[in-house]
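Worksheet for the structure shown next.
In each ligand, atom 1 is the first atom listed, and ligand 1 is the first ligand listed.
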Amino acid sequence: MIDGNGNSTSYSQKQELLLTNARIVTMVSGSQGYLVSQPTDLYVKAGKLHALPNQLPADTPIYDCKYKLVTPGFIDCHTHLVYAGNRANEFEMRLNGMPYSEIARQGGGILATVKATRAATQNELVEYALPRLDGLIRSGVTTVEIKSGYGLTLKDEIKMLRAAKALQDRRKVNVVTTLLAAHAVPPEYQGKSDDYIRLICEEIIPMVAEERLASSVDVFCESIGFNLQQTEKVFITAKQYGLNVKGHTEQLSNLGGTALTAKYKGLSADHIEYLDGEGVSALANSDTVATLLPGAFYFLKETQLPPIKLLRQRKIPMAIATDVNPGTSPFSDLTMMMNMSCTLFGLTPEEALRGVTCHAAKALGLAKVKGQIQHGFDADLAIWDVEHPADFSYQQGIARLTARVVNGEVEHV
Ligand code: NIG
Ligand code: FE
C-alpha cells in the first residue's frame with residue numbers, strides 16, 4: 001500500500017495499479033464531464049485506464065487518493081520550451097517603447113534566440129529546458145508539446161527536436177514534438193525566404209519524417225514570418241510525408257493562415273487574436289482546434305482579443321497553452337494560463353479546464369487517448385488538494401498538486 005503522503009516516492013508500477021477514494025472530474029464531453037464524482041476507484045493496467053475487474057490479484061498495488069480531486073493530466077499543447085539564451089533586454093526595450101515587430105526587424109526577437117540556440121549543444125539545451133519543464137510539471141502537466149524553430153538549419157532543428165525528446169529521459173512526462181523550421185527567415189537567407197522554404201521542403205521535412213523526430217509541422221504565418229503561399233508549400237510537403245500540420249496564425253495581423261490551416265486539416269490554429277468571422281467559419285467547417293495563448297497576449301500587451309464569443313457560438317473546441325518562449329510568453333505555468341484565459345479572454349473555468357485537457361489532446365491529435373478519464377485512455381492523471389475544479393482558474397501560486405500519474409506510474413510532488 002502506498003499512502004497519499006509521499007512516503008513511497010520511489011514507487012514505480014508499469015503493470016497494475018488501483019487508485020482508491022478518488023474524486024474524479026472525467027472531462028468527457030457534455031456537462032457531466034465537469035462534475036466531481038463521488039469517491040471512486042480507478043484501475044490501471046499497462047499504462048491504460050480500465051474497468052475494474054471482478055477479481056483483483058491480491059498483490060495489486062493500491063494508491064489511496066484520500067478524497068483528493070483527480071483530473072486528467074494537464075496537456076500543454078503549444079510550447080517553445082527548448083531554447084538557449086534570455087531576452088530580458090528586449091522586455092526592457094519594449095517597455096521603453098519599441099514594438100515586438102520592430103525588435104524582430106532589427107535582428108532581435110526570434111533571431112536573437114536562434115543565435116544562442118545554434119551555439120548550444122543538445123545536452124545544454126536539455127539542461128536549459130529542465131527548469132521550465134519543472135514549472136509545467138508543477139502545474140499538473142503530464143504531456144507537453146515542444147516545437148523546434150530556433151535552429152533554422154537542418155542540423156540545429158534536429159538538435160532541438162532531439163533535445164526535446166531527451167527530456168523524457170530526465171522527467172516523467174510525455175513529449176510531443178513539432179517541427180517549426182518555418183518560424184523565421186534565418187539570417188543567411190534574408191531576402192531569400194523562398195529559398196529557405198525550399199530547404200525546409202526538400203531537406204528538413206524529409207529528414208525529420210525519416211527519423212521520426214516530429215509528428216507535426218508548424219508555420220509562423222505572419223508578416224514577420226512566412227506568407228500564405230509559403231505556408232501552403234510547407235503544409236503540402238508535410239502532408240506528403242505523413243505529418244500533421246498546425247499554424248501560428250492571425251497573431252499580429254489577419255493573413256488568412258487559420259483558414260489555410262483548416263483547409264489542410266490542421267490539428268490546430270494557434271494565437272488567432274486577429275481572426276475574423278470568415279476565419280471562424282473555416283474553423284467551424286473543419287476539425288481544427290482553436291488554441292488560445294493568453295500568456296503571449298498579456299506579455300505583448302496586445303489589445304485585440306481573439307473572437308471568443310464567435311468561437312463559442314460555433315462550438316469550436318478551444319485549447320489553452322503556455323506558448324512558453326523567451327520573447328512573448330516567459331511563463332512556465334499552465335494553471336496561470338487558465339486564470340488568464342478567464343480574466344483576459346472571458347472563458348469560463350470549465351472551458352479553461354477543457355482547454356488544458358480534452359481540447360488540448362485534440363490539438364495534438366490525441367483526443368482518443370489523452371485528456372479524459374475514460375476506459376481505454378492513457379493513465380495520465382493529476383491528483384490535487386483542490387475542492388472544486390474552478391479553483392484551477394481561480395487561485396494562483398499555491399502548491400496544490402500532490403501527485404501525477406504518467407502512463408500508469410505515480411510520481412509524488
Ligand atoms: O508563439 N509567434 C511566433 N513565435 C513565438 C514567439 C517566439 C519568440 O519571440 O521567440 C510565439 O509567440
Ligand atoms: Fe508559439
Side-chain angles (χ1 to χ4, degrees), residues 76-91 93-94 98-118 125 128-129 132 136 144-152 156-157 160 164 176-186 216-226 231 245-255 257-258 261 266-275 289-302 304 306 319-332 334 337 340 360 363-364:
D76 193 350
C77 66
H78 179 142
T79 85
H80 308 252
L81 196 78
V82 167
Y83 63 83
N86 173 303
R87 284 170 31 210
N89 62 326
E90 291 182 9
F91 178 49
M93 285 161 81
R94 281 202 293 113
M98 193 185 286
Y100 177 67
S101 48
E102 185 53 37
I103 294 172
R105 266 187 211 100
Q106 293 189 7
I110 293 172
L111 292 184
T113 303
V114 168
K115 201 168 167 203
T117 303
R118 284 181 177 179
L125 291 178
Y128 300 150
R132 299 189 277 267
L136 296 183
V144 58
E145 184 256 20
I146 303 177
K147 301 175 195 295
S148 65
Y150 293 120
L152 312 185
D156 293 302
E157 287 292 294
M160 284 190 74
V176 176
T177 44
T178 299
L179 175 71
L180 178 59
H183 194 196
V185 180
S216 295
V217 174
D218 194 342
V219 178
F220 186 21
C221 182
E222 191 52 70
S223 54
I224 58 167
F226 297 90
T231 303
V245 301
K246 45 175 57 219
H248 279 71
T249 55
E250 272 71 70
Q251 179 185 12
L252 308 170
S253 61
N254 183 5
L255 290 191
T258 302
T261 306
L267 291 177
S268 67
D270 302 27
H271 286 289
I272 60 165
E273 281 88 340
Y274 286 80
L275 190 65
V289 172
T291 298
L292 307 172
L293 305 169
F297 172 91
Y298 160 82
F299 197 65
L300 290 178
K301 299 210 276 179
E302 180 58 70
Q304 173 76 33
I320 295 158
T322 60
D323 194 18
V324 180
N325 76 72
T328 69
S329 193
F331 307 120
S332 302
L334 191 54
M337 298 304 124
M340 285 185 182
L364 297 181

>> So if I count the atoms of ligand 1 from 1 in the order they appear, which ones are less than 4.0 Å from some heavy atom of H183?
In response: 3 (C), 4 (N), 5 (C), 7 (C)
>> So if I count the atoms of ligand 1 from 1 in the order they appear, which ones are less than 4.0 Å from some heavy atom of N325?
In response: 5 (C), 6 (C), 7 (C), 8 (C), 9 (O), 10 (O), 11 (C), 12 (O)
> Of all the non-hydrogen atoms in the protein, which one sits nearest to atom 11 (C) of ligand 1, and at what distance?
Replying inline: D323 OD2, 3.2 Å
>> Pairing donors with acceptors under 3.5 angstrom, does anything connect the side chains of E302 and Y274?
In response: yes
>> Could you work out, for atom 2 (N) of ligand 1, the closest of Q251, H80, R87 by heavy-atom distance?
In response: Q251
>> Please list, in number order, the atoms of ligand 1 under 4.0 Å from a heavy atom of Y100.
In response: 6 (C), 7 (C), 8 (C), 9 (O)
>> Looking only at protein heavy atoms, which one is nearest to atom 12 (O) of ligand 1, and what is the separation?
In response: T328 OG1, 2.6 Å
>> Walk me through whether K246 and V217 qualify under side chain to side chain contact (heavy atoms under 4.5 Å, CB included).
In response: CA-CA 6 Å; K246 45 175 57 219; V217 174; over 6 Å; no
> Please walk me through it: do H78 and T322 pass side chain to side chain contact (heavy atoms under 4.5 Å, CB included)?
Replying inline: CA-CA 7 Å; H78 179 142; T322 60; over 6 Å; no
> Could you give the distance from CD (E145) to CG (D76), rounded to the nearest 0.5 Å?
Replying inline: 8.0 Å
> Any non-hydrogen atom of E222 lying under 4.0 Å from ligand 1?
Replying inline: no
> Atoms of ligand 1 less than 4.0 Å from I110 heavy atoms?
Replying inline: 7 (C), 8 (C), 9 (O), 10 (O)
> If the Fe ion (ligand 2) is the vertex, what is the angle to NE2 of H248 and NE2 of H78, rounded to 10 degrees?
Replying inline: 90°
> Does NZ or CZ of R105 come closer than 6.0 Å to the centre of the six-membered ring of Y100, within 45° of the ring's axis?
Replying inline: no
> Is the closest N or O pair between T113 and ligand 1 shorter than 3.5 Å?
Replying inline: no
> Backbone or side chain, does H271 get an N/O/S atom under 2.8 Å to the Fe ion (ligand 2)?
Replying inline: no
>> Which atom name does D323 have for its N/O/S atom nearest to the Fe ion (ligand 2)?
In response: OD1
> Do we see a donor-acceptor contact under 3.5 Å between the side chains of S216 and T178?
Replying inline: no
> Heavy atom under 4.0 Å from ligand 1: found in Y150's side chain, backbone, both, or neither?
Replying inline: side chain
> Looking at OG1 of T177 and CG of L179, how far apart are the two atoms once the value is rounded to the nearest 0.5 Å?
Replying inline: 9.0 Å
> Are any of the side-chain nitrogens in D218 or K147 under 4.0 Å away from the carboxylate oxygens of its partner?
Replying inline: yes
> Does NZ or CZ of R132 fall inside the cone over F331's six-membered ring, less than 6.0 Å from its centre and within 45° of the axis?
Replying inline: no
